[in-house]
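The structure under discussion appears below in the form of structure tokens.
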Amino acid sequence: MPEDSSHVPSMVTCTAPVNIAVIKYWGKRDKDLILPVNSSLSVTLHQDQLKTTTTVACCRDFTEDRIWLNGKEEDINQPRLQSCLREIRRLARKRRSDKDSAMDVSGLSYKVHICSNNNFPTAAGLASSAAGYACLVYTLAKLFGVEGELSCVARQGSGSACRSMYGGFVQWKMGERGDGKDSLAEQVEPETHWPELRVLVLVVSADKKAVGSTSGMQTSVETSGLLKYRADSVVPSRMEEMISAIRERDFTAFAELTMKDSNQFHATCLDTYPPIFYLNDVSRRVINLVHCYNRHYGETRVAYTFDAGPNAVIYTLQDHVSEFVQVVRHFFPTDSNGGQFLKGLPVSSTTISDDLKNTIGMEPLPKGISYIISTKAGPGPRVEEDSSHHLLGSDGLPKKTV
Ligand code: DP6
């Protein structure tokens with residue numbers, strides 16, 4: 001951050017990715033520090049398809065911290081936002097006093113304006129808090145010149161956000177300490193490690209999710225015996241198996257662990273009292289479709305996973321993408337806007353055999369799926385070098401979008 005006392009705001013813009021867990025985080029042992037009851041592991045999705053962009057500006061003339069999310073001003077006093085702001089400012093002060101005590105620290109007391117947008121509709125029901133907090137923390141750190149380990153700061157915004165601080169395949173080690181200093185995200189392999197791996201987000205037409213993940217997981221911690229069993233006796237060995245499946249690019253092992261872990265997470269939701277239902281009828285049809293498809297070929301070619309909502313995220317390999325997309329089109333036909341059905345990375349068109357249709361044997365469900373986002377693993381947060389992409393104008397207010 002420039003040390004001058006200019007009236008022109010200093011500004012940084014960054015982008016950060018969404019991640020989708022294949023070993024789920026569900027349950028906190030410390031609600032304030034956001035420390036989980038088990039480790040988790042995710043794939044960072046490519047920012048060309050799904051990303052959050054955040055601009056942070058600071059200026060001596062700003063009178064208060066302010067934040068705008070997707071065009072609307074929000075309350076900056078939310079405790080999780082405050083934790084992230086406080087932590088980054090603390091680290092910036094520490095860094096300056098460690099490095100060079102003569103350095104000007106006055107800029108650190110300036111107020112900030114934050115503006116953040118997603119390139120995907122919030123209505124798509126995709127976990128936007130992970131990309132959002134990762135982007136906020138990364139951008140604040142760049143503006144204030146903070147370097148080094150930042151996943152433990154992003155974690156305090158939203159647990160899953162710590163995994164969006166890295167690209168590729170990322171584990172969040174639960175840690176043991178009470179202060180959370182060892183509860184960190186770590187890259188297992190970079191995004192280039194498994195180029196054949198592809199991701200399809202099947203956006204299910206649905207209302208807003210009934211129970212948010214924060215309150216849902218808290219009720220699970222309080223009432224589900226299955227959650228305790230899962231955290232103590234299932235996840236530790238599953239993490240090891242998942243890491244070796246990824247390292248060896250063993251799709252069968254990766255896919256089966258992914259599906260089993262999604263199923264156990266949703267079983268935990270059902271074991272919560274009162275129970276939590278995130279899957280709907282379309283989700284269950286997708287589960288059935290995937291198992292029938294794999295059975296038809298006598299091998300595991302496709303895997304599903306579901307977070308705190310009905311959308312399915314499909315992991316598959318390049319060779320099977322076009323056929324599986326065609327299967328989805330066939331069993332969830334749309335009206336006429338066929339072109340709009342598939343967004344993101346192009347998928348070549350193909351036909352499916354009657355034999356395959358018969359083994360799946362499901363009655364097509366028109367409009368069950370609104371659209372598909374086709375993507376792959378991608379890199380972690382980045383600085384946006386082009387200043388024309390700043391979301392705030394030189395007056396420190398959101399630019400008007402046309
Ligand atoms: C089902 O990270 O949204 O997506 O820490 O309370 O903000 P908070 O919860 P959040 O929970 C994500 C839950 C999940 C599984 C996962 O991403 O691992």
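Indexing begins at 1, ligand by ligand and atom by atom, following the structure's order.
With hydrogens and angles ignored, the 3.5 Å screen pairs no side-chain donor or acceptor of Ser116 with any backbone N or O of Thr54. Judged by distance alone, the side chain of His266 and the main-chain N or O of Phe306 form a donor-acceptor pair under 3.5 Å.
Under 4.0 Å from ligand 1, not a single heavy atom of Ser40 appears. At a heavy-atom cutoff of 4.0 Å, ligand 1 is contacted by the side chain of Ile34 but not by its backbone. Using a 4.0 Å cut-off between heavy atoms, Ser160 contacts ligand 1 through both its backbone and its side chain.
Heavy-atom proximity to Ser158, at under 4.0 Å, picks out these atoms of ligand 1: 2 (O), 3 (O), 5 (O), 7 (O), 8 (P), 10 (P). Of all atoms in ligand 1, listed by their number and element, those nearer than 4.0 Å to a heavy atom of Thr214 are 6 (O), 7 (O), 8 (P). Ligand 1 places these atoms under 4.0 Å from at least one heavy atom of Lys28: 5 (O), 6 (O), 8 (P). Heavy-atom proximity to Phe265, at under 4.0 Å, picks out these atoms of ligand 1: 1 (C). Interface atoms of ligand 1 facing Arg80, defined by a heavy-atom separation under 4.0 Å, are 6 (O), 7 (O), 8 (P). Within ligand 1, counting atoms from 1 as listed, the ones closer than 4.0 Å to a heavy atom of Ala21 are 16 (C), 17 (O), 18 (O).
Put simply, no part of Trp172 is less than 4.0 Å from ligand 1, judged by heavy atoms.
Between Arg249 and Glu196 no salt bridge is recorded (no basic side-chain N to carboxylate O distance below 4.0 Å). The pair Asp75-Arg66 does not count as a salt bridge, with every side-chain nitrogen at least 4.0 angstrom from each carboxylate oxygen. Salt bridge present: Lys72 and Glu74 bring a charged side-chain N and a carboxylate O closer than 4.0 Å.
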Validation: residues 236-245 side-chain donor-acceptor distances under 3.5 Å, sequence neighbours left out:
| unit_1 | atom_1 | unit_2 | atom_2 | d |
| --- | --- | --- | --- | --- |
| Ser237 | OG | Val234 | O | 3.3 |
| Arg238 | NH1 | Asp261 | OD1 | 2.9 |
| Ser244 | OG | Glu240 | O | 3.2 |
| Ser244 | OG | Glu241 | O | 3.3 |

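Legend: residues meeting ring-ring contact (aromatic ring centres under 6.0 Å, His included) with Phe62, ordered by chain and number and at least two apart, are His113.
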